[in-house]
Protein chains: 2
Amino acid sequence: MLYIPLLRQTMFSKTCEYAIRAMIFIARKTKEGQRAGIKEIAKGIDSPEHFIAKILQELGRKGLVQSMKGPNGGFYLDKTSMERSLADVVRTIDGDKVLRGCGLGLRYCSETHPCPIHHEFKKIRGQLMKMLENAKVGTFTASLEKSKVFLKRS
Amino acid sequence: MLYIPLLRQTMFSKTCEYAIRAMIFIARKTKEGQRAGIKEIAKGIDSPEHFIAKILQELGRKGLVQSMKGPNGGFYLDKTSMERSLADVVRTIDGDKVLRGCGLGLRYCSETHPCPIHHEFKKIRGQLMKMLENAKVGTFTASLEKSKVFLKRS
DNA sequence: AGATATTAAGACCTTTTTATCTTTTATTAT
DNA sequence: ATAATAAAAGATAAAAAGGTCTTAATATCT
């Protein structure tokens, strides 16, 4: 008698949540002049090691993160990557449905053919998008150092 | 080489999208003095018949929708149900993570122990919640009749 | 009153997608 | 050469989405 999604619907997929956390973690390390190894990242953001590895591979292919193999290798961000926004990360992993899609999942919902909540929902999406566009991964490093802001569960 | 969720992350689960659409559809029918059968609902909102049936069972158990068996039976909304908000529907199906949870999925994120995007994200969630609280299922019937507003794909 | 047709409720099964783990291969510094 | 590290392939697990079939309730028609 299990009918209903059982309660893990979040704004972003778990994959995407890990991706954002990892990007911020790597940004911090990069600013400290270090590269971040996968094990370190996994511990630092409380994620399964092999899962975040796979996610980072994808982010690497898409050019959002840089890496080097071998001893003292690891992940880091170049100048361009440091300027990426969280919106870029979200779009890379989850696509743009959260940022652009109809709230009721209707494919042909539009200005001229709106679903019942179209106009109200559009405002929210817009604000979410704006917030994510303005949030550059490189800008979270300061707060990580000087405040209580955190990336893991405890 | 399939690494990434690709491309069905939406604000609400599909189950939840169907639930909202169905509630609005049934509200309209009720206002017209009719009950809505499952087949009719499925066609009216473009959903798999047996899937929406299951969702409606759950909504019925939780008291968000009323039903009658037998000839001329079907689903309808009593006065209380007509006043339910979309937030009620979302919480019933998807839980309250979208409305209350941390944007990065961190369980212990809070005011005093905030994640990097906590404060910004909180604003968005608040606006989403407010919008959904204000949207009563009974209030969409007018627009369904007099405008181009729709509930199915085409 | 009893049979029958209609409709929702419920149990259970299958497929697809997301999340996670295991193992092997390719790079690169020392 | 070797040790450390990411890249890659692929298997497994869990959850969401969708489907089949049976049971229970109820109106209507004998």
Side-chain angles (χ1 to χ4, degrees), chain A residues 1-10 12-19 21-22 26 29 34-42 45-76 93-95 97-98 105, chain B residues 1-10 12-19 21-22 26 29 34-43 45-77 93-95 97-98 105:
Chain A
M1 190 169 136
L2 277 178
Y3 304 104
I4 291 301
L6 274 181
L7 307 193
R8 124 125 229 130
Q9 176 74 19
T10 49
F12 312 122
S13 69
K14 213 160 189 180
T15 307
C16 190
E17 289 172 354
Y18 288 145
R21 289 196 248 162
I26 296 166
K29 273 286 171 179
Q34 297 178 350
R35 287 195 271 265
I38 283 188
K39 279 172 197 162
E40 185 189 5
I41 296 170
I45 69 169
D46 249 319
S47 75
E49 187 181 322
H50 299 283
F51 194 25
I52 193 59
K54 193 167 284 192
I55 297 168
L56 286 170
Q57 279 168 34
E58 180 71 11
L59 290 173
R61 267 184 237 110
K62 297 278 174 65
L64 274 77
V65 74
Q66 285 64 49
S67 65
M68 271 201 37
K69 293 180 182 176
N72 270 311
F75 295 86
Y76 63 98
I93 304 296
D94 279 346
K97 287 217 181 86
V98 191
Chain B
M1 192 166 136
L2 276 178
Y3 305 103
I4 293 302
L6 270 180
L7 309 189
R8 127 123 230 131
Q9 175 75 19
T10 49
F12 312 122
S13 69
K14 215 158 189 180
T15 306
C16 189
E17 289 172 355
Y18 288 145
R21 289 196 248 162
I26 296 167
K29 273 285 169 180
Q34 298 178 350
R35 287 196 271 267
I38 283 189
K39 279 173 197 162
E40 186 188 5
I41 296 170
K43 271 182 198 157
I45 70 170
D46 249 319
S47 76
E49 187 181 323
H50 299 283
F51 194 25
I52 192 61
K54 192 168 288 190
I55 297 167
L56 286 169
Q57 280 168 34
E58 180 71 12
L59 291 173
R61 267 184 237 112
K62 298 278 173 65
L64 274 77
V65 75
Q66 286 63 48
S67 65
M68 271 199 39
K69 293 180 182 176
N72 271 311
F75 295 86
Y76 62 97
L77 303 185
I93 303 295
D94 279 346
K97 287 216 182 90
V98 191

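Chain identifiers are assigned alphabetically (A, B, ...) following the order of the sequence lines, protein sequences preceding nucleic acid strands; residue numbering begins at 1 within each chain.
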| request: Report the nucleotide, chosen from C/dG10, C/dC12, C/dT20, that has the shortest atom-to-atom distance to any side-chain atom of B/K54. | output: C/dC12
| Counting side-chain heavy atoms from C-beta on, which of C/dC21, C/dG10, D/dA7 comes nearest to A/F75? | D/dA7
| message | What is the separation between atom CD1 on B/I55 and atom C1' on D/dG19, rounded to the nearest whole Å? | response | 13 Å
| remark: From CZ of A/F51 across to C1' of D/dA8 the rounded distance in Å is 16 Å
| remark: Result for side-chain contact (heavy atoms from CB on, under 4.5 Å) between B/L64 and one of B/Q66, B/R61, B/K62 points to B/K62
| request: Go through C/dA11, D/dA11, C/dA9 for me and flag the one nearest to the B/S67 side chain. | output: C/dA9
| note | The reported gap from OG1 in A/T15 to CD in A/E58 (rounded to nearest 0.5 angstrom) is 10.5 Å
Detail all sub-3.5 Å separations between protein N/O atoms and N/O atoms belonging to nucleotides 23-25 of chain D.
residue	atom	partner	partner atom	Å
D/dA25	O4'	B/K69	NZ	3.4

| Below 4.0 angstrom from OP1 or OP2 of D/dG18, is there any side-chain N or O of B/Y18? | yes
| said: Taking 4.0 Å as the cut-off, does a side-chain nitrogen or oxygen of B/R61 come that near to OP1 or OP2 on C/dA9? | reply: no
| field | B/R8 CZ to D/dG18 P, straight-line distance once rounded to whole Å | value | 8 Å
| request: Answer with base, sugar-phosphate or nothing: what part of the nucleic acid does B/G60 contact at a heavy-atom distance below 4.0 Å? | output: nothing
| task | Under 4.0 Å from any atom of DNA chain C, heavy atoms only: list the residues of residues 34-41 of chain B that qualify, in numerical order. | result | B/A36, B/G37, B/I38
| request: Start with the C-alpha distance between B/E17 and B/K14, add both sets of side-chain angles, then the distance that settles salt bridge (charged side-chain N to carboxylate O under 4.0 Å, His left out), and finish with yes or no. | output: CA-CA 5 Å; B/E17 289 172 355; B/K14 215 158 189 180; over 6 Å; no
| Residues in side chain to side chain donor-acceptor pair (under 3.5 Å) contact with B/Q34, at least two apart in sequence or another chain | B/K29
